[in-house]
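The structure appears below as structure tokens.
What's counted below: heavy atoms across the whole structure, side chains too, no hydrogens, waters or symmetry copies. Predicted model, so just to flag it, every value in this text is computed and none were measured.
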Amino acid sequence: MNKKYSVDEAILQMLKWKNIVILIGTMIVFMAAGFILKGHQNVSVEEQAFTKVQLNLPSEQQDGAIFVNTYVNDLLTDRVMKQVKAKVAGASGYKLTDSELKDMVKVETVGQTSIIKIQITGDKAKKVKAVNKAYRQIALKEFYHTMDHGQIKVVDVGTKTERTAMGMSGKKSLFFSGILGFVLAFAVLFFTYYFDQKIRSRRYLAQRLNMTVLNQGSADADVKVAATNIVLVAPENSYVGILYDQEMTPDGVQALVTAVKALGEQGEQLTLVPVPMNAGVAWLTLNQMDAYVVAVLNNKTTKDFVLDVLSRDQFVKSQLLGATYFDKLPR
């Protein structure tokens, strides 16, 4: 089990009112941003122009569908498109590529009739109208040039502009914006606590590190409870080292020593020795003790400090009684 990083410990630390307020607040901010941005969403504009021509077939024509389809296919050939490009370039100055023109043009029959619709689509109205006019003129010319019978006439010409909003609906925008805000805030808070090296709970010491916590009282009673429990678990007439890091400070440890002495005869039988965590010296001092206690200060003492102590415990002759966890610096 990874004792330094804990998912459940990180989640428990997140379940505080201030963090819940941050999560809800971030959701609201993102929902508001989504609502505002929804009003400024991009709009896709598509210009359309069309020409409808009707083919009048001779009475002796037996298969009109073949006649119409032949003409439709003829209008989509490279030969016809080359003429359209030349006419557009000469009339309006637009120089179209083969692929650009093919993307703009759609030719189809209208239902089960002899009417053919030539539709031009693009993003610029002038260009679309120019191509539509050129195609209409070439279509009429091409019919009489290639078809050996029948007649053709223009029955309808028109233009249309379609505007399409790019993005999701207002409700979906609010929903997904809120979800995004929640997920981002949750991720930031989670990884902040997950990689946090400060010890923030007795639970981490007791359950994650399997250490005995010698005080479980309130913040005000911590030092008194710790003093009482040290007396209860320490061997009689023993020397007990109080191992601490710089966050605990000598004054904080001295407050614990004073609290033990204040217990009277029981406290007087113990000799408490403050042992600052200095490389080498601390372990030499602890080896001269009968037992020792690790002093931990909430949100100050690091996990590395306690893990280092536990990793060396097997090489220390004195007995590890447990840890004292203080919500605030003892006075």
So how far is it from [X] [atom1] to [Y] [atom2], rounded to the nearest 0.5 Å?
{"X": "Leu76", "Y": "Tyr71", "atom1": "CG", "atom2": "OH", "result": "11.0 Å"}
{"X": "Met14", "Y": "Tyr193", "atom1": "CE", "atom2": "OH", "result": "8.0 Å"}
{"X": "Leu214", "Y": "Leu205", "atom1": "CG", "atom2": "CG", "result": "10.5 Å"}
{"X": "Lys328", "Y": "Asn299", "atom1": "NZ", "atom2": "CG", "result": "15.0 Å"}
{"X": "Asn132", "Y": "Phe50", "atom1": "CG", "atom2": "CZ", "result": "8.5 Å"}
{"X": "Lys141", "Y": "Ile152", "atom1": "NZ", "atom2": "CD1", "result": "14.0 Å"}

Heavy atoms of other groups near Phe190 CZ, more than 12 under 6.0 Å: yes
Is the count of non-hydrogen atoms from other residues, nucleotides or ligands lying under 6.0 Å from Lys102 atom NZ greater than 12? no
Looking at Lys82 and Asp78, does any basic side-chain N land under 4.0 Å from a carboxylate oxygen? no
Please tell me if the side chains of Phe30 and Leu184 come closer than 4.5 Å, counting only heavy atoms from C-beta onward. yes
Can you tell me if [X] uses its side chain to pair, donor with acceptor, with the backbone of [Y] under 3.5 Å?
{"X": "Lys303", "Y": "Asp196", "value": "yes"}
{"X": "Thr159", "Y": "Ala49", "value": "no"}
{"X": "Arg200", "Y": "Lys300", "value": "no"}
{"X": "Glu108", "Y": "Lys106", "value": "no"}
{"X": "Ser238", "Y": "Ala234", "value": "no"}
{"X": "Asn287", "Y": "Trp283", "value": "yes"}
{"X": "Tyr135", "Y": "Leu75", "value": "yes"}
{"X": "Asn215", "Y": "Ala226", "value": "no"}

Residues that Asp245 engages under side chain to side chain donor-acceptor pair (under 3.5 Å), provided they are two or more places apart: none
Any luck finding a side-chain donor-acceptor pair between Tyr325 and Asn298 under 3.5 Å? yes
Do you know which two heavy atoms are closest between Leu286 and Ser318, and how far apart they sit? O-OG, 2.9 Å
Minimum-distance pair of heavy atoms, taken over all atoms of Asp74 and Val80: O-CG2, 3.1 Å
Dump the intermediate steps for side chain to side chain contact (heavy atoms under 4.5 Å, CB included) on Arg136 and Val157, then the final yes or no. CA-CA 9 Å; Arg136 181 168 62 251; Val157 176; 3.6 Å; yes
Please list all pairs passing the side-chain hydrogen bond (donor to acceptor under 3.5 Å, both in side chains) test where one or both residues lie in residues 109-131, with sequence neighbours left out. Glu100-Lys127, Lys117-Gln119
